[in-house]
Student: 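Let me give you the structure first, and then I'll get to my questions.
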Amino acid sequence: MNDAFDAQRYAVPSSMRSALLEDRDIEDPADRQWLGERLRESVDEGAGILVLTGFDAEPDRLRAVSRRLSRHLGTIMPQDASGTLVRDVTDRGTRIGEGATARYADSRFGGSLHTDGAERAFPLPDYFTLLCVSQADRGGALRVVHVDTVLKQLHDVPDLVSALREPWHFDRRGDQPDGEPPTLRKPVLFEDEHGTGITYLRDYIDIGHRHPGVAPCTTRQRAALDALDAVLSDPANGIAGKLRPGEFAVINNTRVLHGRTTFEDSAGGGRKRLLLRTWIRKNS
């Protein structure tokens, strides 16, 4: 595979790398400016993804790097009802949407391009990050598609785009407070101060509309989701690459959909694919 992420890769300055690996703040104003410029150019205004290289270290140290660097990007958000701030993305032997709580991050299966926090109400994470600790023997490449590409490809079917702007039932994956319904209603496409954003994971919508008392998807709604999935499944509509151990990716979570190829870990209980994930809200 040609690694399209090469255009998004930047080696962090040595002073920044040293500070983060020693679990210290990024104190050098030049380093802070460098990080802010890369974030703006690549994540906010560019392809929606930034890959920082140079964090080769043991897993425990990488967890500290993930937390520390994420704090410099904004406010870290909890990812579930238990308050997890740094989540292990690894194969836990489940399928996407299996049971009441299993999530994409718990499986080894690919496809199903999505945004993180699709089961949550607004406000959503502005960014999510992935720090690669170890990769699978086979598969596990990351693929991203920008919402602008989606809108361009669906330009000729305005009624289906309109359907995506209407409320849908998303399954909440068991994170709802006691007494609240198991789904929440929100649009797939929405508007904010930066333009059109997107929140999506098809499996959570399909499950949401199967709950008792929730109307099933209409023919028009299914056609809208199928049209969106067709855009997302076309390799020509996105860029792809494989994160390497020690690389830290930042992705625009309201403008970019992402997924991976199915992966297989080492046989015999050896090394497993492990990425460390954070969710981040921009500081105002």
Side-chain angles (χ1 to χ4, degrees), residues 3-79 84-89 115-117 123-135 142 144 146-148 192-195 197 239-258 274-284:
D3 197 331
F5 290 168
D6 282 344
Q8 318 302 324
R9 282 188 167 95
Y10 292 87
V12 296
S14 58
S15 54
M16 183 188 299
R17 178 182 182 277
S18 297
L20 291 167
L21 287 175
E22 294 169 9
D23 204 17
R24 294 187 285 110
D25 278 328
I26 303 173
E27 298 176 347
D28 189 330
D31 287 343
R32 290 175 178 264
Q33 181 179 353
W34 182 91
L35 181 59
E37 289 174 351
R38 300 291 83 71
L39 190 68
R40 185 186 71 255
E41 293 170 358
S42 296
V43 182
D44 294 334
E45 300 174 359
I49 180 170
L50 168 66
V51 180
L52 301 177
T53 70
F55 299 112
D56 302 302
E58 62 273 14
D60 286 345
R61 184 168 292 182
L62 290 178
R63 291 183 188 279
V65 169
S66 177
R67 289 192 302 271
R68 179 70 69 182
L69 185 48
S70 293
R71 290 190 191 109
H72 280 280
L73 304 176
T75 300
I76 304 178
M77 299 176 64
Q79 299 180 42
T84 301
L85 296 181
V86 180
R87 180 179 175 85
D88 289 7
V89 177
T115 60
D116 273 19
L124 303 169
D126 294 304
Y127 308 133
F128 79 94
T129 76
L130 294 171
L131 200 165
C132 181
V133 177
S134 56
Q135 271 291 2
L142 184 65
V144 299
H146 201 284
V147 67
D148 288 351
D192 61 20
E193 64 271 25
H194 304 294
I239 61 174
K242 193 166 183 176
L243 294 180
R244 303 158 186 162
E247 292 190 330
F248 181 91
V250 186
I251 297 177
N252 188 326
N253 188 56
T254 62
R255 295 296 183 272
V256 171
L257 302 106
H258 68 282
L274 173 61
L275 285 76
L276 306 176
R277 185 181 74 187
T278 63
W279 288 353
I280 300 169
R281 285 285 293 171
K282 294 181 186 178
N283 291 333
S284 56

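Quick note: residue numbers are just sequence positions, from 1. Just so we're clear, the structure is a prediction, and the values are computed from it rather than from any experiment.
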Student: Using modelled atom types and a 3.5 Å cut-off, is there a donor and acceptor pairing between side-chain atoms of Glu37 and backbone atoms of Trp34?
Tutor: no
Student: Would you confirm whether Arg68, through its side chain, and Asp23, through its main-chain N or O, come within 3.5 Å as a donor-acceptor pair?
Tutor: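 At least one qualifying donor-acceptor pair exists.
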Student: Sequence neighbours excluded and cut-off under 3.5 Å, please list the side-chain donor-acceptor pairs for residues 44-58, or say none.
Tutor:
from: Asp44; atom 1: OD1; to: Tyr127; atom 2: OH; distance (Å): 2.8
from: Asp44; atom 1: OD2; to: Tyr127; atom 2: OH; distance (Å): 3.2

Student: Show the numbers, then the answer: is there a side chain to side chain contact (heavy atoms under 4.5 Å, CB included) between Asp88 and Arg63?
Tutor: CA-CA 10 Å; Asp88 289 7; Arg63 291 183 188 279; 2.8 Å; yes
Student: Any idea which heavy atoms bring Pro245 and Ser134 closest together, and the distance?
Tutor: CG-CA, 4.4 Å
Student: How close do Val133 and Pro59 get, heavy atom to heavy atom, and via which atoms?
Tutor: CG1-CG, 3.8 Å
Student: Are the side chains of Leu274 and Val89 in contact, using a 4.5 Å heavy-atom criterion?
Tutor: no
Student: If you measure from OG1 on Thr254 to CG on Asp126, what distance do you get to the nearest 0.5 Å?
Tutor: 6.0 Å
Student: Quick one: does any side-chain atom of Ser70 pair with a main-chain N or O of Ser66 as donor and acceptor, under 3.5 Å?
Tutor: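 Checking the backbone N and O of Ser66 against the side chain of Ser70, a donor-acceptor pair under 3.5 Å is found.
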Student: Verify whether one side chain among Asp116 and His258 offers a donor that lies under 3.5 Å from an acceptor in the other.
Tutor: yes
Student: Mind listing the closest non-hydrogen atom pair of Arg61 and Leu21 along with its distance?
Tutor: CD-O, 3.2 Å
Student: Check Arg67 against Val86 and note the closest heavy-atom contact, atom names and distance.
Tutor: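 Scanning both residues, the minimum pair turns out to be CG-CG2, 3.4 Å.
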Student: CG of Leu73 to CZ of Arg281: how many Å apart, nearest 0.5 Å?
Tutor: 14.0 Å
Student: Should Val144 and Arg255 count as side-chain neighbours, where that means a heavy-atom distance under 4.5 Å?
Tutor: no
Student: Mind checking the OG-CZ spacing from Ser18 to Arg24? Nearest 0.5 Å is all I need.
Tutor: 7.0 Å
Student: Could you check whether any side-chain N or O of Gln8 sits under 3.5 Å from a backbone N or O of Ser42, counting only pairs where one atom can act as donor and the other as acceptor?
Tutor: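 Absent.
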Student: Taking all atoms of both residues into account, what is the closest heavy-atom pair of Leu131 and Leu62, and its distance?
Tutor: CD1-O, 3.6 Å
Student: Nearest 0.5 Å, please: how far is CG in Leu124 from CE in Met77?
Tutor: 7.5 Å
Student: So do Leu20 and Ile26 actually touch side chain to side chain, heavy atoms under 4.5 Å?
Tutor: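 With C-beta onward as the side chain, the pair touches.
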Student: List the steps and the verdict of side chain to side chain contact (heavy atoms under 4.5 Å, CB included) for Phe128 and Thr278.
Tutor: CA-CA 6 Å; Phe128 79 94; Thr278 63; over 6 Å; no
Student: To the nearest 0.5 Å, tell me how far Leu35 CG sits from Leu69 CG.
Tutor: 6.0 Å
Student: Would you call Asp31-Arg17 a salt bridge at under 4.0 Å N-O?
Tutor: no
Student: Are Leu142 and Ile251 side-chain neighbours, meaning at least one heavy-atom pair lies under 4.5 Å?
Tutor: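 SC-SC contact between Leu142 and Ile251 confirmed.
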Student: For the backbone of Ala30 and the side chain of Asp28, can you confirm whether one donor and one acceptor N or O come within less than 3.5 Å of each other?
Tutor: yes
Student: Using a strict threshold of under 4.0 Å (side-chain N to carboxylate O), is an ion pair present between Glu247 and Arg9?
Tutor: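 Salt bridge present between Arg9 and Glu247.
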Student: Report yes or no: do Asn283 and Thr75 form a side-chain donor-acceptor pair below 3.5 Å?
Tutor: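 Side chains of Asn283 and Thr75: pair found under 3.5 Å.
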Student: Do Asn253 and Trp279 have a side chain donor and acceptor closer than 3.5 Å?
Tutor: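 No, no side-chain donor-acceptor contact under 3.5 Å.
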Student: Are Gln79 and Arg277 linked by a side-chain donor-acceptor pair shorter than 3.5 Å?
Tutor: yes
Student: Would you name the heavy atoms of Arg244 and Asp6 that are closest together and state the gap between them?
Tutor: NH2-OD1, 3.5 Å
Student: Rounded to the nearest 0.5 Å, how far does CZ of Arg32 lie from CD of Glu27?
Tutor: 7.5 Å
Student: Within the structure provided, determine whether Leu275 and Leu243 are in side-chain contact (heavy-atom separation under 4.5 Å).
Tutor: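 Counting from C-beta outward, Leu275 and Leu243 do come under 4.5 Å.
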